[in-house]
Amino acid sequence: MSTIHLQDFKFSIPLSIRWNDLDPLNHVNNVYYFEYFQMGRGYYMPTACPKWDWTKHMFVIAHIECDYFKELKLTAAKPTIKLRTSLLGAKSFEIEYLITSFDKENNEVIHAKGKSVQVLIDTTLGKSIEIPNWLREAIMDYEPAL
């Protein structure tokens with residue numbers, strides 16, 4: 001695992017693990033991590049860019065991945081999803097994700113790390129578009145490590 005700096009992840013929200021997310025081994029099934037990433041994006045975008053409006057602006061996921069490090073259980077203490085924009089291109093941007101909780105010694109534990117590539121689209125034309133300056137500037141202001 002490459003070095004992960006938790007302080008680079010400015011945005012985080014509590015994660016609600018549902019009974020339905022568990023598999024027969026009593027831990028969160030791998031497919032639900034992608035759903036957690038999606039929930040995180042839903043809150044991250046308007047936080048990082050206050051002008052973001054889901055009814056007017058849209059992107060598609062061009063790539064998504066997840067590396068699993070430690071099982072996540074229903075009893076995890078303070079499960080959290082953390083997000084950050086890690087790369088801005090001309091028409092796409094990359095978001096990194098961390099799923100964390102706290103162990104019995106109150107140390108933050110990383111359960112999984114993910115990454116997705118979003119491509120901005122014009123929904124009326126069905127085509128990719130350049131990242132507008134207002135979005136680029138908002139994300140760069142929100143993510144000083146970028």
Side-chain angles (χ1 to χ4, degrees), residues 1-23 27-103 107-146:
M1 170 170 56
S2 62
T3 304
I4 297 171
H5 301 284
L6 292 169
Q7 68 273 14
D8 290 342
F9 289 79
K10 180 178 177 178
F11 179 85
S12 67
I13 57 171
L15 183 60
S16 295
I17 300 171
R18 304 163 300 190
W19 180 263
N20 184 59
D21 299 350
L22 305 179
D23 64 15
H27 63 248
V28 173
N29 187 280
N30 63 307
V31 299
Y32 288 104
Y33 288 78
F34 294 97
E35 192 172 308
Y36 298 159
F37 296 168
Q38 181 181 34
M39 289 186 294
R41 282 192 307 272
Y43 291 100
Y44 173 82
M45 290 306 296
T47 301
C49 181
K51 289 174 91 174
W52 186 265
D53 180 343
W54 284 108
T55 64
K56 297 178 183 172
H57 313 113
M58 190 51 61
F59 52 74
V60 293
I61 302 295
H63 175 80
I64 193 163
E65 64 185 57
C66 185
D67 293 319
Y68 307 94
F69 304 122
K70 182 173 177 47
E71 67 184 1
L72 181 61
K73 295 190 171 200
L74 188 64
T75 56
K78 297 185 253 174
T80 302
I81 179 156
K82 300 174 181 287
L83 287 82
R84 74 179 187 134
T85 299
S86 55
L87 184 67
L88 277 170
K91 294 183 175 185
S92 66
F93 60 103
E94 183 178 280
I95 295 177
E96 291 183 342
Y97 311 85
L98 293 180
I99 304 289
T100 66
S101 72
F102 287 85
D103 65 16
N107 299 306
E108 197 163 12
V109 174
I110 299 172
H111 295 274
K113 179 182 180 194
K115 179 172 59 174
S116 62
V117 176
Q118 292 69 218
V119 176
L120 265 298
I121 61 165
D122 180 323
T123 57
T124 59
L125 300 175
K127 294 175 61 173
S128 63
I129 58 171
E130 297 278 326
I131 294 175
N133 286 336
W134 60 267
L135 178 56
R136 182 177 301 281
E137 290 167 6
I139 289 175
M140 290 179 74
D141 286 346
Y142 188 80
E143 299 286 2
L146 191 61

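The two residues Cys49 and Ala138 make their nearest non-hydrogen contact at SG-CB, 3.6 Å. Between Phe93 and Leu120 the shortest heavy-atom distance is CE2-CD2, 3.5 Å. Across Ala112 and Phe69, no two heavy atoms sit closer than the pair CA-CD1, 4.0 Å. Heavy atoms only, all atoms of each residue included: Arg41 and Tyr97 are closest at NH1-OH, 2.9 Å. In terms of heavy atoms, Pro46 sits closest to Gly42 at CD-O, 3.3 Å. The nearest pair of heavy atoms linking Arg84 to Asp8 is CD-O, 3.4 Å.
Using a 4.5 Å cut-off on side-chain heavy atoms (C-beta onward), Ile17 and Tyr32 make no contact. Looking at Ile61 and Gln118, their side chains come closer than 4.5 Å, going by heavy atoms from C-beta outward. Looking at heavy atoms from C-beta onward, Ile4 lies in side-chain contact with Lys113 at the 4.5 angstrom threshold. For the pair Val117 and Leu87, the minimum side-chain heavy-atom distance is 4.5 Å or more.
If you take CH2 on Trp134 and CH2 on Trp52, they are separated by 6.0 Å, rounding to the nearest 0.5 Å. One finds the CD atom of Glu130 at 8.0 Å from the CZ atom of Arg136 (value rounded to the nearest 0.5 Å). A distance of 10.5 Å separates CG in Leu83 from CE in Met45, rounded to the nearest 0.5 Å. Rounding to the nearest 0.5 Å places CZ of Phe9 at 7.5 Å from OG of Ser86. Taking CZ from Phe11 and OG1 from Thr47, the interatomic distance works out to 4.5 Å, rounded to the nearest 0.5 Å. Here CZ of Phe37 is found 14.5 Å from OH of Tyr44. Values are rounded to the nearest 0.5 Å.
The side-chain contact (heavy atoms from CB on, under 4.5 Å) with Leu15 is formed by just one residue from the set Thr80, Ile99, Asp21, Val28; it is Ile99.
A donor-acceptor pair is defined here as one N or O able to donate and one able to accept, closer than 3.5 Å; such a pair exists between the side chain of Tyr68 and the backbone of Asn30.
Considering only residues two or more places apart in sequence or on other chains, Leu146 meets the side-chain contact (heavy atoms from CB on, under 4.5 Å) condition with Thr85, Leu88, Ile139, Met140, Glu143. Partners of Glu71 according to the side-chain contact (heavy atoms from CB on, under 4.5 Å) rule, which considers only residues two or more places apart in sequence or in another chain, are His27, Lys73. Applying the side-chain contact (heavy atoms from CB on, under 4.5 Å) rule to Lys78 yields the partners Phe102, Asn106; only residues at least two apart in sequence or on another chain are considered.
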Glu108 vs Leu6, test: side-chain contact (heavy atoms from CB on, under 4.5 Å). Steps then yes/no.
CA-CA 9 Å; Glu108 197 163 12; Leu6 292 169; 3.4 Å; yes
Evaluation steps, side-chain contact (heavy atoms from CB on, under 4.5 Å), between Tyr33 and Leu72
CA-CA 10 Å; Tyr33 288 78; Leu72 181 61; 3.3 Å; yes
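Within the cation-pi definition used here (under 6.0 Å to the ring centroid, within 45° of the axis), Lys10 qualifies as a partner of Tyr142.
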